[in-house]
Amino acid sequence: MSLTVAASTELLSAGTVHELLLRVREKTPRVHTITNAVAQNFTANVLLALGAVPSMTIAEEEVAGFAGSADALLINLGTLDETRRAAIPLAIEAARAGGHPVSIDPVFVNRSPVRCAYATELLACGPDLVRLNAAEMEALFPGRAGVEELIAAGTVFAVTGEEDKIESRSGDFRLSNGHPLMARVTATGCAGGAVLAAFASVETDRALAAACGLSVFNIAGEIAAARACGPGTLVPELLDALYAMSLTDIEARLKAA
Amino acid sequence: MSLTVAASTELLSAGTVHELLLRVREKTPRVHTITNAVAQNFTANVLLALGAVPSMTIAEEEVAGFAGSADALLINLGTLDETRRAAIPLAIEAARAGGHPVSIDPVFVNRSPVRCAYATELLACGPDLVRLNAAEMEALFPGRAGVEELIAAGTVFAVTGEEDKIESRSGDFRLSNGHPLMARVTATGCAGGAVLAAFASVETDRALAAACGLSVFNIAGEIAAARACGPGTLVPELLDALYAMSLTDIEARLKAA
Amino acid sequence: MSLTVAASTELLSAGTVHELLLRVREKTPRVHTITNAVAQNFTANVLLALGAVPSMTIAEEEVAGFAGSADALLINLGTLDETRRAAIPLAIEAARAGGHPVSIDPVFVNRSPVRCAYATELLACGPDLVRLNAAEMEALFPGRAGVEELIAAGTVFAVTGEEDKIESRSGDFRLSNGHPLMARVTATGCAGGAVLAAFASVETDRALAAACGLSVFNIAGEIAAARACGPGTLVPELLDALYAMSLTDIEARLKAA
């Protein structure tokens, strides 16, 4: 299996990552984000620091208008309540109708069968991008049952962990940036998902977009961890690093197999 | 038109701004704030750093009790959901009954016709203060239709932008403090609206209150931007600057036409 | 009365506080937290900095699953809406069934009779721990009517103020750590309650757990206040101090009668 994977693993250059970052800053994409209550503020600040423009309404009457006029949609399933359940299909339909990429982050599906069932239904719509960790992947696709079909149909999976892996029908990426201190701040994963959604709006090769977005976010985390004294100071430092990230930063740190 | 405006533009002195700031710190006004989920934490921290006391419940059963016993009410229309829709009229009625100033921040009405219609209804109640930007103003009052009637009836408009303008029947203010980095932090506008609401509770001339509150908040943003390395560190620095703001800070920075 | 109290006041050593802190870091307890929207992000970050793992869903379908599989449950009554009202009894039942400690933080019951009535009902379930201030205590138990019965039945009260007092049937603690600047940051009390809940999961003597948890949190606040320039920088500094807290920090600062 490692041979097969190695054969299809794509290279990623610092120049490409930087080019896509510049496109995001140039386009200032609107990213409509239905995310959990814990992650909303930090996610909005991550998008703004990156150069994107967040909107976060979950009201049934409004969500289609916001999602339809945005450049990308992110659905994060943390704190999944009835308001969000009502909003999500409307938002996806509006984003699809507008031709905008849809990303799904099935947070904690491994801890809630109800949520797992809901996420399985959502995935049937064939999102452009799914961000999750290995435990969430296993909960959704036991023994990987069903994954290949979705990949073959065009969905890109960004499986995060100590090593991050982007899986897609056009090839895989293996990425190793990031810092353990990031896991001591709530919603870093959720906020990172928003960066991927923003990148997906500037590059039709969603696997490449995901690889670049994840690298940018995790490199920001590394720069922040080098400057911070703990998880508290990590947050402002991460936002500053994202805001100021240069080609030199990416060249110095990018770890892509 | 510029001649007319110039004729009614009021002067604002650093001493007056500082005097009202001291009044807020002395009174520690309770500001009940119904605001969007993204802005809640930052807005509460801005109010506390200023010297005010926030409360933020949106529960239908409780909101009248909180709003009626507070010294000011702020309604912000970001993430307008059903719970908030139910709470808002109850809160306004209770604040009015208690004789406390009502401020409205019609966030993003230019991106949602449903929200714009809702805001138009709310404005008919004749709030003391409305904070919005030029795009939101145009969405609510196309070609300024209806603005003058509200102003004549006593509503003060704080129209924010590169230059901020306070419009009222007793005269206008033109203000130019602030820093571009503030726009790279989510909810700075919303939190600034809460400062205006707090100031409205210590000064019956609401236009003067709005001018002073906006100046204090934007000067804090300037001080923070001078100390920060990006939008991440701007947030704690802004709160610290607000907390420590002195007459000297205001004298050094106030830009009021 | 002071004689009676003095007789039952327990001593608390820095070594014990540190030992329980190490237990929390070792166990990384899951703390399911139903808290107000203003406090969610900060509370989650406090738990992560401490070494615990937060979850915060309030969805009726999921809350029992999360609360039942967590090591502790915290119910905070700020921003008490219908979703939370529906979730709370389900969460308590699941935590009880799993044998996990239940903590209640009846925020602002002194400002809302509806909330006070609701909290009174909740307390009848005999929670392991109640965190509140003197005004909230008086609202719930006018003239202390009913307190002794709950204490006799095993509930521990952590009454916070300039001096904090832990009351329990096995003895009381008097604690004096903390810093006034903490009150200028929203949700510090709420986040402190989550620390107590985490400590309750590693020590069956809930009064001791509460005394140690409160001391750790308030010492972190003191360390942060010594480093911060205001309430803005206090937040990241507090999280960093909590993350890095050593026996030396506790020995240098613990104030327990």
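Quick note on labels: first sequence line is chain A, next is B, and so on, each numbered from 1.
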Measure across [X] and [Y] and return the closest heavy-atom pair with its distance rounded to 0.1 Å.
X	Y	value
A:Ala59	B:Leu80	CB-O, 2.7 Å
B:Arg184	A:Ala49	NH2-O, 3.2 Å
A:Tyr243	B:Gly230	CD2-CA, 4.1 Å
A:Phe66	B:Ser112	CE1-CB, 3.5 Å

To the nearest 0.5 Å, tell me how far [X] [atom1] sits from [Y] [atom2].
X	Y	atom1	atom2	answer
A:Gln40	B:Thr186	CD	OG1	9.5 Å
B:Asn41	A:Phe42	CG	CZ	13.0 Å
B:Arg111	A:His32	CZ	NE2	8.5 Å
B:Cys116	A:Glu62	SG	CD	10.5 Å
A:Glu237	B:Thr233	CD	OG1	6.5 Å

Contacting region of B:Ala228 [heavy-atom separation from chain A under 4.5 Å]
neither

In terms of heavy-atom proximity below 4.5 Å to chain A, should B:Glu82 be classed as side chain, backbone, both, or neither?
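For B:Glu82, side-chain heavy atoms alone lie under 4.5 Å from chain A.
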
Select one option (side chain, backbone, both, neither) describing which atoms of A:Leu238 are under 4.5 Å from chain B's heavy atoms.
neither

Non-hydrogen atoms of chain B under 4.5 Å away: do they reach the side chain of A:Arg30, the backbone, both or neither?
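Only the side chain of A:Arg30 comes within 4.5 Å of chain B.
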
Donor-acceptor pair, distance only, cut-off 3.5 Å: does the side chain of A:Asp240 make one with the backbone of B:Gly232?
yes

Please evaluate residues A:Asn45 and B:Val185 with respect to the criterion side-chain contact (heavy atoms from CB on, under 4.5 Å), reporting the C-alpha separation (whole Å), side-chain torsions for both, the decisive distance (0.1 Å), and the verdict.
CA-CA 6 Å; A:Asn45 277 334; B:Val185 175; 3.8 Å; yes

A:Thr83 and B:Asp81: side chain donor to acceptor below 3.5 Å:
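No, B:Asp81 and A:Thr83 have no side-chain donor paired with an acceptor closer than 3.5 Å.
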
